[in-house]
Participant: 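Structure below; questions to follow.
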Amino acid sequence: MNGSARRARTRLRAARWRFWLRRYGPAEVACLVTMLAASIVAARLTTSPPLLAASAIAGATVGFYGVLVVAVVREQRVVIDSGPPRYAARLAARTVFLLTAEFGAAELLDTFVWRPALMMAAVVLLDEPVWGLLAGKAAADVLFYVVSALGYRLTELIGIRHRRRSVASERAARRDKISHL
């Protein structure tokens, strides 16, 4: 591989990482902040571990999806015709649809299959609860984002995330497009 091809591959990889960080980074930061805030409030109200865990999960969910709802609404405001009828309803429906397409499968698999399995397996394998939970969480997060990115990319490929372009501009976009996977 010559130097220019290597530089091109490096730029492509960097662009993919920038996309992932730009798309999911703010949501992860908000998730952490709201999870900690909810945990602190809950800890002042109760000492029940299930209630503390539930409040942490609720806080994390609000932060994570709150940021993503805003991001998708901003993205879709340029796609949807802003005139009547029912602009807000169309925007809300499209946002819910796109978030479900992007995260639905990942959330179901993550919640009911791989996060519990990976966290339990890591605790057993590492024989240390805290490190096992962190390792299991990290592995589950990777799977979550791979499936989410596939969902995002699918909405792009079938043309429901962005406005339709002309055939010529579509070919040029495909040729120049950076795959986010």
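Please read these numbers as outputs of a predicted model, since none were measured by experiment.
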Participant: Is there a side chain to side chain contact (heavy atoms under 4.5 Å, CB included) between L12 and R9 once you walk through the steps?
Facilitator: CA-CA 5 Å; L12 182 62; R9 284 186 60 174; 5.5 Å; no
Participant: Give a yes or no on whether L118 and V113 share a hydrophobic cluster (residues Ile, Leu, Val, Met, Phe, Trp, Tyr; joining criterion: side-chain heavy atoms under 4.5 Å apart).
Facilitator: yes
Participant: Is a side-chain donor or acceptor of E75 paired with a backbone partner of V70 at a separation under 3.5 angstrom?
Facilitator: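 Judged by distance alone, no pair lies under 3.5 Å.
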Participant: Does the T46 side chain pair with the main chain of A42, one donor and one acceptor, at a distance under 3.5 Å?
Facilitator: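 No; zero donor-acceptor contacts below 3.5 Å.
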Participant: For R11 and R7: C-alpha separation, side-chain torsions, deciding distance, then whether side chain to side chain contact (heavy atoms under 4.5 Å, CB included) applies.
Facilitator: CA-CA 6 Å; R11 280 193 303 272; R7 283 190 298 275; 3.8 Å; yes
Participant: Can you name the nearest heavy-atom pair linking R161 to L98, along with the distance?
Facilitator: NH2-O, 3.8 Å
Participant: Compare every heavy atom of A56 with every heavy atom of M35, then report the nearest pair and how far apart it is.
Facilitator: CG-O, 3.4 Å
Participant: Tell me whether F64 is reachable from W20 by hopping between hydrophobic residues (I, L, V, M, F, W, Y) whose side-chain heavy atoms are closer than 4.5 Å.
Facilitator: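 Yes; F64 is reachable from W20 via cluster members.
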Participant: Where is the tightest heavy-atom contact between P116 and D110, given as atom of each residue plus distance?
Facilitator: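 Where P116 meets D110 most closely, the heavy atoms are CD-O, 3.5 Å.
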Participant: With rounding to the nearest 0.5 angstrom, report the CD1 to OG1 distance, I80 to T95.
Facilitator: 6.5 Å
Participant: Kindly work out whether a path of hydrophobic side-chain contacts (I/L/V/M/F/W/Y, heavy atoms less than 4.5 Å apart) joins V123 to V142.
Facilitator: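 Per the 4.5 Å side-chain linkage, V123 and V142 are not co-clustered.
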Participant: If two hydrophobic side chains count as joined below 4.5 Å and joins carry through other members, does V73 share a cluster with L68?
Facilitator: yes
Participant: Does one hydrophobic cluster hold both L150 and L99, with members joined at side-chain heavy-atom distances below 4.5 Å?
Facilitator: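 Yes; tracing contacts between hydrophobic side chains, which count when under 4.5 Å, links both residues.
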Participant: Shortest non-hydrogen contact from A122 to G132?
Facilitator: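 Heavy atoms only, the tightest pair is CB-O, 3.0 Å.
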Participant: Kindly determine whether E107 and Y65 satisfy side chain to side chain contact (heavy atoms under 4.5 Å, CB included), including the steps that lead there.
Facilitator: CA-CA 12 Å; E107 275 294 343; Y65 285 108; 2.4 Å; yes
Participant: Would you compute the distance between atom NZ of K137 and atom CZ of F144 and round it to the nearest 0.5 angstrom?
Facilitator: 10.0 Å
Participant: Would you indicate whether Y145, at its atom OH, is surrounded by more than 12 heavy atoms from other residues, nucleotides or ligands within a distance under 6.0 Å?
Facilitator: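 For Y145, atom OH is crowded (more than 12 foreign heavy atoms under 6.0 Å).
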Participant: Is a donor on one side and an acceptor on the other found under 3.5 Å between the side chain of T111 and the backbone of L108?
Facilitator: no
Participant: Assess the pair Y24 and Y152: is the distance between their ring centroids shorter than 6.0 Å?
Facilitator: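 They do not qualify: ring centres at least 6.0 Å apart.
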Participant: Between T34 and G59, which heavy-atom pair has the shortest distance, and what is it?
Facilitator: OG1-O, 2.5 Å
Participant: How close do G136 and M119 get, counting heavy atoms only, and between which atoms?
Facilitator: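 Answer, listing the atom of G136 first, then M119: C-CG, 3.8 Å.
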Participant: I need the single residue from L143, L109, D141 that forms a side-chain contact (heavy atoms from CB on, under 4.5 Å) with R115. Which is it?
Facilitator: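 With R115 as partner, L143, L109, D141 yield a single side-chain contact (heavy atoms from CB on, under 4.5 Å), made by D141.
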Participant: Going from OG on S39 to CG on L51, what distance comes out if it is rounded to the nearest 0.5 angstrom?
Facilitator: 12.0 Å
Participant: Begin from the C-alpha positions of L21 and R18 and carry the test side chain to side chain contact (heavy atoms under 4.5 Å, CB included) through to its verdict.
Facilitator: CA-CA 5 Å; L21 288 173; R18 279 192 304 273; 5.8 Å; no
Participant: For the backbone of V72 and the side chain of R94, can you confirm whether one donor and one acceptor N or O come within less than 3.5 Å of each other?
Facilitator: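 Such a contact is absent between R94 side chain and V72 backbone.
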